[in-house]
Structures are given as C-alpha cells and as structure tokens.
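Ligands are counted one by one from 1 in listed order, and the atoms in each one are counted from 1 as well. For the numbers below, each heavy atom of this structure counts, side chains included, while hydrogens, waters and symmetry mates do not.
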Amino acid sequence: MSQQSMIDVKNVTAAYGALTALNDVSLNVQKGEIFGLLGPNGAGKTTLLACVEGLHKPKQGEALVGGISVQANPAATKRQLGIQLQKTALLDDLTVAELVEVYAALYEVYLTSQEIDALLARFDLVEKRNTLARRLSGGQQQRLALAVAIANDPQIVLLDEPTSALDPHARRAMWDIVRQLHNEGRTIVLTTHAMEEAEALCGRVAIIDCGRIVACDAPSALIARLKLNPMLKATVELPLEQVRALPEVSAARYTGEHLEVETARPEATLTALHELAARLDRSIRDVALRQPNLEDVFLKLTGRELAEQN
Ligand SMILES: Nc1ncnc2c1ncn2[C@@H]1O[C@H](COP(=O)(O)OP(=O)(O)O)[C@@H](O)[C@H]1O
Ligand SMILES: [Mg+2]
C-alpha cells in the first residue's frame, strides 16, 4: 500500500510564556490511520493539535497538513481538517440544525436541509434537529460537536478527548462513530488519557508526557518492545516492599485496593503471595491474570501512572 503523509509535525516546540508545553515534538500520520495521542492532563495533547490546526503558533519547528505548511497557508490546511475542540462552545441559542449549517458555512460549504438531516442521521440527532444545542445531553452534545466537525466533509478529523465525561454507553457509541468515519477513508487523530480507548481505537499511538513524545508505535508493538510480563491481580493488603522482594516479581503496585504484580512466572508468584499473606494473616481474594497494557507501558516509560493523575 502506498503511503501518503497527512500530518507531519517537525521538531515543534511550543510555549505559553515561560511554560514549555511541547519540547521538540515530531510525528507523522499517514492516510487512513486512527492515530492516538495518549497522555495525562497537561501533557501537551491539546497544544499539539492546536499547532496542527493553526490555532497555536509554535516557537520552533512546523506542522504540515497534506504536505502544506500550516503557518504558510492556514486556509488551505484548515480546509482539509475537521476539528472537534475539547470544549466546543456550541453557540447557545442555535438549534442543532442551525449549528450544523453555520459551521459548514464557515468552511464555505452550504448544506441543503436534506444534507443537514443526512448528517444528523449519522449521529442519531435527527429528532433533535430543532432543539437548542444547550438542551442536549452530554453524549448528544459530543455527537453534535462531531457532526459539526465533519460538516465540511474533511479528509482528516482531529478529535480532542472525544469521550471524556461520557458514560460507558455513550462512550461506546462515540467509538462506533469514530470507526465509521475511519471506514469512510478519513484519517483520524484523537487525544485521550484513557489507555483502553487508545487500545480499542488506534492503530498507532504516541505516548506524550510533559511535552515530549516518549514512544510511538502500534499498541501491541509498544507492549512487545518493553517485554512486559503478565500482571497478576489480587485484592489483598500486603506491604509493597515485601511483595517486590518475592522471586520472579519485576514490579508491584496498588491501584485502589487491588494489588498488581508483574511476574514472569504467575503460578510461582501466586504461591509466594499466598505464603506471605498467610504469614501476615491476610486473606487474598479475586485473583486474576491480565496481559500487559498501555497503562503498564506508560508506567514503565515515565515511572508514573497514567490514570491516577486525571
Ligand atoms: N492558554 C494557556 N495558557 C497557559 N498555559 C497553558 C495554556 N494552555 C495550556 N497550558 C499549559 O500547557 C501545558 C499543556 O497543556 P495542554 O496542551 O492543554 O495539555 P493536555 O491537552 O495534554 O491536557 C499544561 O501545563 C497547561 O497547563
Ligand atoms: Mg487537552
């Protein structure tokens, strides 16, 4: 398959006054990818998208969209982009249908009312066409933001935390919509701080932390490259230092009341855990084994947890 570069970020450094938000970031997104920017709050994800969108001017480096420099030709690059901002201030006193019409017109795309309905139908919003945007539920507003983002039929769709603050059902619905946009041949870049979202949707992921990309690859490749062992999970109260000292244990931590132990030999470690628990008169419940995930990758690369900072 021939490769076509849709987004190139070249050595971008971005700052807000004295604060460096991005530090020499480079990445490349190919046509047809769902590409994820995964990192905790404050990592620089929104700033990176803003540089691609032409909404933030990098201090150094440049961003290209479809081979065209965003800074040199902002109008031409914006026309290729559909943008769902992290907080879309959907104008308060417009109805759903009016909003779609207005946003498309900003891109000089003038939709007929049939076209507006067809667009709303894809996002399950037809019945809401005459409802004020501010009266929609959270999930409906997120879907409307996405409908608005693709009103100009863009090749590339940039989604900033598309599912944050959504309940699990609305989140799944949004995942389906993202997959649908991808199936139509669009290139998708999304940000998230949820590793399961990145794993579920993204072919490749850039892990971003403190303004730097610390790794970039397919989720499975990231996990494989770090040679992470399976994780043994159990609900038990044990001193971490004693768990870490057990044979075969390469790491141990608590997520809430659940102990997670990385081990090359789960059976041996489980036996050792039972012995330790018996000695300390503690009971072990809910034992499970899980394969390593992007959360473990982030922890390994940064020494910190992705989830607990959000
Ligand atoms: N408009 C702004 N003014 C000052 N600092 C900002 C602004 N926007 C973001 N920042 C800071 O830049 C860093 C990166 O922020 P951001 O790109 O929003 O991260 P993320 O989207 O990953 O949460 C953070 O330290 C944040 O506080
Ligand atoms: Mg953000």
Using modelled atom types and a 3.5 Å cut-off, is there a donor and acceptor pairing between side-chain atoms of Gln141 and backbone atoms of Gly138?
no

Taking only non-hydrogen atoms of Asn41 and a 4.0 Å limit, the atoms of ligand 1 in range are 23 (O)

If you measure every N/O of Ala43 against every N/O of ligand 1, is any gap under 3.5 Å?
yes

In the hydrophobic clustering (ILVMFWY, side-chain contacts below 4.5 Å, transitive), which residues join Tyr16, or is it alone?
Leu19

Pull out every atom of ligand 1 sitting under 4.0 Å from any heavy atom of Pro40, numbered as shown with elements.
22 (O)

To atom 15 (O) of ligand 1, the nearest of Thr47, Leu49, Asp160 on a heavy-atom basis is Thr47

Would you say Gly17 contacts ligand 1, with heavy atoms under 4.0 Å as the rule?
no

Please identify which of these residues, Glu295, Glu260, Glu196, meets the salt bridge (Lys or Arg N to Asp or Glu O under 4.0 Å) condition with Arg290.
Glu260

Short version for Ala50: what comes under 4.0 Å of ligand 1, heavy atoms counted, is neither

So for ligand 1, is Leu19 a polar contact partner (N or O within less than 3.5 Å, distance only)?
no

May I ask you to check whether Asn41 brings an N, O or S atom to under 2.8 Å from the Mg ion (ligand 2)?
no

Could Lys78 and Glu53 be called an ion pair, given the rule that one side-chain N must be under 4.0 Å from one carboxylate O?
no

Please report, to 0.1 Å, the donor-acceptor pairs under 3.5 Å made by any side chain of residues 57-74, with sequence neighbours excluded.
unit_1 : atom_1 : unit_2 : atom_2 : d
Ser69  : OG     : Gln71  : N      : 3.4
Ser69  : OG     : Ala72  : N      : 3.1
Asn73  : OD1    : Ala76  : N      : 3.3

